[in-house]
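Sequence lines set the chain letters: A, B, ... in the order given, protein chains first and strands last, and positions in each chain run from 1.
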Protein chains: 2
Amino acid sequence: MIIQVFIIFTIMMSKKCKYALKALTRLAKNFNKGHLQTADIAKLENIPKKFLEQILLELKHARMVGSKQGSGGGYFLIKNPKEISVADVYRLFDGAIALLPCVSINFYERCEDCTDEKSCAMQREFIKIREGARKMMSKVTIHSFIKESDNQ
Amino acid sequence: MIIQVFIIFTIMMSKKCKYALKALTRLAKNFNKGHLQTADIAKLENIPKKFLEQILLELKHARMVGSKQGSGGGYFLIKNPKEISVADVYRLFDGAIALLPCVSINFYERCEDCTDEKSCAMQREFIKIREGARKMMSKVTIHSFIKESDNQ
DNA sequence: TTTAAATCCTATTAATTTGATAGAGTACGT
DNA sequence: ACGTACTCTATCAAATTAATAGGATTTAAA
């Protein structure tokens, strides 16, 4: 008897990035209403608390959230939810939106195997693909994730 | 003296996928003109030969290329270059185009941490992002990578 | 019919990344 | 001073990537 197991690996957004978006959305629902604690966000969003700590810290360094230390402290959004796009968060945690480094705006790198970038047809075409993804990822913001039913 | 090294990791297309696109483009330039050998493609495109072997084999299993075995053998395209899109090749080597598994058409999977998919605002928005990327990746084909100067 | 050439196929490897945990250190309200 | 919650760095196991290795198989040609 032969058992075949197929494992399909897919390159997608990292969990870290997804958790960040969820945490930001939770903070956005509380925008201008005080702060939330890591432990509460972790519970509400099903995120490992210690992992979330790192994420919120990175978001703080990126100046998307602010924090209040000590007892009774917590995190709060310091940017308008409409001004934090998926592209911003994706770039912070997962890097380039472009599929090839030579096509990236923020993470540009030359391809080692490329002989003439100026006439590279792949580069020309992958710029189009990047723009397709970038436009959509810039349009969707944290605000987009807040449902009307959340009355905010 | 402190030396700081910054390593930026970016999720992009895998090298395998990129090599596949380059190999397919090379074969496309030779479409209906006989076959090319792995070793020649490897040399022309700066791809490790043994690695390229695997790639061409996968492309064969996916019925994009055909092969002729034995001495004097090689590979040839069996689909029209206009009918092989970047999306097709990307899905074959790197998996889903969507950024979240719950949003993927071909690699759908439920998010473990999701409580109600029907009302999930993230899912709704990430479908838009997927469509932005998918449309562009479907439009660009192997034919797009062939420059006019290659007179083909 | 032997030999060489090329594809076919599977296993293995080192390096890197991910997702997470651990354990201090620091700030602050009570 | 005490407890709470953020800050920061180190570490870990599992998974993935990008190759390499080594045969097995097929075919043309000597």
Engineer: Look at the side chain of Leu57(A) and decide which nucleotide, out of dC8(D), dT20(D), dC9(C), has an atom nearest to it.
Structural biologist: dC8(D)
Engineer: Identify the heavy atoms of Met12(A) and Ala98(B) that sit nearest to each other, and give their distance.
Structural biologist: CG-O, 3.5 Å
Engineer: Just N and O in the side chain of Tyr75(B): are any of them under 4.0 Å from OP1 or OP2 of dC8(C)?
Structural biologist: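 Indeed, a polar side-chain atom of Tyr75(B) lies that close.
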Engineer: Given dA19(D), dA22(C), dT27(D), identify the nucleotide with an atom nearest to the side chain of Lys15(B).
Structural biologist: dA19(D)
Engineer: Which nucleotide in the set dC8(D), dA20(C), dT10(C) lies at the smallest distance from any side-chain heavy atom of Lys50(A)?
Structural biologist: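 Out of dC8(D), dA20(C), dT10(C), the nucleotide with an atom closest to Lys50(A)'s side chain is dC8(D).
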Engineer: Under 4.0 Å from OP1 or OP2 of dA6(C): is there any side-chain N or O of Thr38(B) that close?
Structural biologist: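 Negative; the distance criterion is not met.
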Engineer: Using whole Å, what does the distance between atom P of nucleotide dT16(C) and atom CG of Asp94(A) come to?
Structural biologist: 20 Å
Engineer: Would you please confirm or rule out a distance under 4.0 Å between OP1 or OP2 of dC8(C) and any side-chain N or O of His61(B)?
Structural biologist: no
Engineer: When the ring planes of Phe145(B) and Phe126(A) are compared, do they come out parallel, tilted or perpendicular, using 30° and 60° as the limits?
Structural biologist: parallel
Engineer: Test for a donor-acceptor pair under 3.5 Å between the base of dT20(D) and the side chain of Gln54(B), counting only N and O atoms.
Structural biologist: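 When only heavy-atom distances are counted, Gln54(B) does reach the base of dT20(D) through a donor-acceptor pair under 3.5 Å.
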Engineer: Between Gln69(A) and Lys16(A), which residue's closest nucleotide on DNA chain C lies nearer the 5′ terminus?
Structural biologist: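 It is Lys16(A), whose closest nucleotide lies nearer the 5' terminus.
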Engineer: Rounded to whole Å, how long is the line connecting atom NZ of Lys60(A) with atom P of dT7(D)?
Structural biologist: 4 Å
Engineer: Which listed nucleotide (dG3(D), dA4(C), dC8(C)) is nearest to the side chain of Ser71(B)?
Structural biologist: dA4(C)
Engineer: Output yes when Arg134(A) and Glu131(A) qualify as a salt bridge under the 4.0 Å nitrogen-oxygen rule, no when they do not.
Structural biologist: yes
Engineer: Quick one: does any side-chain atom of Gln37(B) pair with a main-chain N or O of Gly73(B) as donor and acceptor, under 3.5 Å?
Structural biologist: yes
Engineer: When you get a sec, tell me which of dG19(C), dT7(D), dA18(D) is the closest nucleotide to the side chain of Ser14(B)?
Structural biologist: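 Given the options dG19(C), dT7(D), dA18(D), the side chain of Ser14(B) is closest to dA18(D).
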Engineer: Taking only the side-chain nitrogens and oxygens of Lys68(A), find out if one of them lies under 4.0 Å from OP1 or OP2 of dC28(C).
Structural biologist: no
Engineer: So, is Tyr19(B) close to the dA19(D) phosphate, meaning a side-chain N or O under 4.0 Å from OP1 or OP2?
Structural biologist: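 Indeed, a polar side-chain atom of Tyr19(B) lies that close.
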Engineer: In whole angstroms, how far is the P atom of dA5(C) from the NE2 atom of His35(B)?
Structural biologist: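 After rounding, the reported distance stands at 15 Å.
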